[in-house]
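Shown next, in structure tokens, is the structure this report addresses.
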Amino acid sequence: MAEKLEPAKVLYCGVCSLPAEYCEFGPDFGRCKPWLIDNAPDLYPDLLKEANEKATDNVSDKLQSVGISSGGADAATSSSQTGTSKKEEVKRLPGGKLKKKERQEVIIEKVVRNKRKCITIVKGLEQFGIKLSDASKKLGKKFATGASVVKGPTEKEQIDVQGDIIYDIVEFITDTWPDVPERSIFFIEDGKKVQAG
Amino acid sequence: MFKKFSLEEVSSQNQVKASVQRRIRQSIQEEYPGLETVLEDLLPKKSPLVVVKCPNHLTLVVVNNVPLFFCIRDGPYMPTLRLLHQYPNIMKRFQVDRGAIKFVFSGANIMCPGLTSPGGVLDEEVDTERPVAIYAEGKQHALAIGFTKMSAKDIKSINKGIGVDNMHYLNDGLWKMERLD
């Protein structure tokens with residue numbers, strides 16, 4: 001009985017680093033699913049079925065809608081192609097990587113700093129091609145307060161303006177940078193209430 | 001136990017003398033006879049053994065920047081889950097039922113009913129104050145490492161209260177720290 005113990009090889013999920021069978025208890029099963037379908041299909045056989053069902057649903061929906069509106073065989077085939085290619089694209093991205101939810105919007109938030117002092121946080125201006133350092137200078141000048149560019153918890157940067165300026169800020173943004181439509185500005189009121197402008 | 005554990009929690013790191021190293025090897029050898037053959041590879045005599053001290057009387061045994069064992073105060077040395085996954089048969093096994101899994105995942109201690117219910121398995125020989133591996137109903141790999149608060153017989157008969165303390169579980173601070181550097 002003096003044989004050497006061989007270490008067992010464990011398949012750890014690439015997304016959550018847990019053994020693959022525990023992914024459903026991990027932090028984000030949704031992200032693990034595509035990885036699991038590729039690497040450990042036998043552990044979650046229902047996932048494969050789910051994915052297939054979804055795919056066929058999507059394609060049949062697209063076919064139906066295009067068929068009704070234009071009724072051409074060409075249109076139908078092209079839509080099915082785009083349907084599958086879109087699914088393939090979507091599948092390839094989250095194969096381990098985060099799917100970026102790119103929505104162009106400006107988020108304005110008010111955070112209380114002391115009992116009577118607060119700061120206004122403007123996030124998302126860079127998505128409209130606005131240079132944050134310029135924007136913060138303009139904001140500070142206009143409202144006669146301090147404004148600075150701050151790095152958020154992710155790589156995202158935001159502009160902190162001292163004081164409560166949400167009343168005027170919408171007008172100012174749309175005036176100075178006409179590229180920014182008013183409907184893409186949101187306030188945060190206890191969870192993203194779509195208070196457009 | 002390791003709910004919050006990061007590099008900042010480390011209070012000191014020391015490479016230990018050969019005598020201390022020998023003592024650690026000996027206690028691990030007594031505790032886990034199953035590891036005897038591989039102990040040479042895991043804790044080679046020549047390689048520098050680093051002992052990392054952390055708050056709460058916690059000591060980690062680290063080889064090549066990889067934590068292998070830990071112990072509380074002067075208690076028994078317990079393997080990290082990563083090590084246990086590689087050598088599953090060195091510790092006694094307890095199994096909890098499915099409903100308990102998500103609580104264990106957030107660090108909860110294991111209550112007796114979780115072990116005595118239909119999904120749970122108890123190893124009768126286990127005494128109190130011993131390290132055990134916790135497995136889950138329907139899963140192949142260890143879920144957590146615990147320290148029994150009651151012997152298996154007591155757990156079965158009394159069936160109330162905390163049966164096993166949850167020392168180290170999947171996705172806790174120690175699990176996330178595969179390497180210390």
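Computation of the quantities below employed the complete heavy-atom set of this structure, encompassing side-chain atoms and omitting hydrogens, waters and symmetry-equivalent molecules. Chain identifiers are assigned alphabetically (A, B, ...) following the order of the sequence lines, protein sequences preceding nucleic acid strands; residue numbering begins at 1 within each chain.
Of the residues considered (B:Arg98, B:Lys176, B:Glu40, B:Glu36), B:Arg98 shows the highest number of contacts with chain A, using heavy-atom pairs under 4.5 Å. The choice from B:Leu35, B:Asn89, B:Leu143 that makes the most heavy-atom pairs within less than 4.5 Å of chain A is B:Leu143. Counting heavy-atom pairs closer than 4.5 Å to chain A, the top residue among B:Glu178, B:Lys102, B:Gln140, B:Arg82 is B:Gln140.
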Discussion item. I'd like to know whether A:Lys142 forms a salt bridge (charged side-chain N to carboxylate O under 4.0 Å, His left out) with A:Glu171, so could you lay out the CA-CA distance, the side-chain angles of the two residues, the decisive distance to 0.1 Å, and finally the verdict.
Written reply: CA-CA 12 Å; A:Lys142 162 80 174 148; A:Glu171 225 186 279; over 6 Å; no
Worksheet entry | Pair A:Phe143-A:Phe172, ring-ring contact (aromatic ring centres under 6.0 Å, His included): steps then yes or no | CA-CA 10 Å; A:Phe143 296 103; A:Phe172 180 69; 5.6 Å; yes
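The environment of B:Phe103 atom CZ is sparse: at most 12 non-hydrogen atoms of other residues, nucleotides or ligands sit within 6.0 angstrom.
Classification of B:Glu124 and B:Lys92 as a salt-bridged pair fails, no side-chain N sitting under 4.0 Å from a carboxylate O.
If you measure heavy-atom distances from B:Ala142 to chain A, the contacts under 4.5 Å come from the backbone alone.
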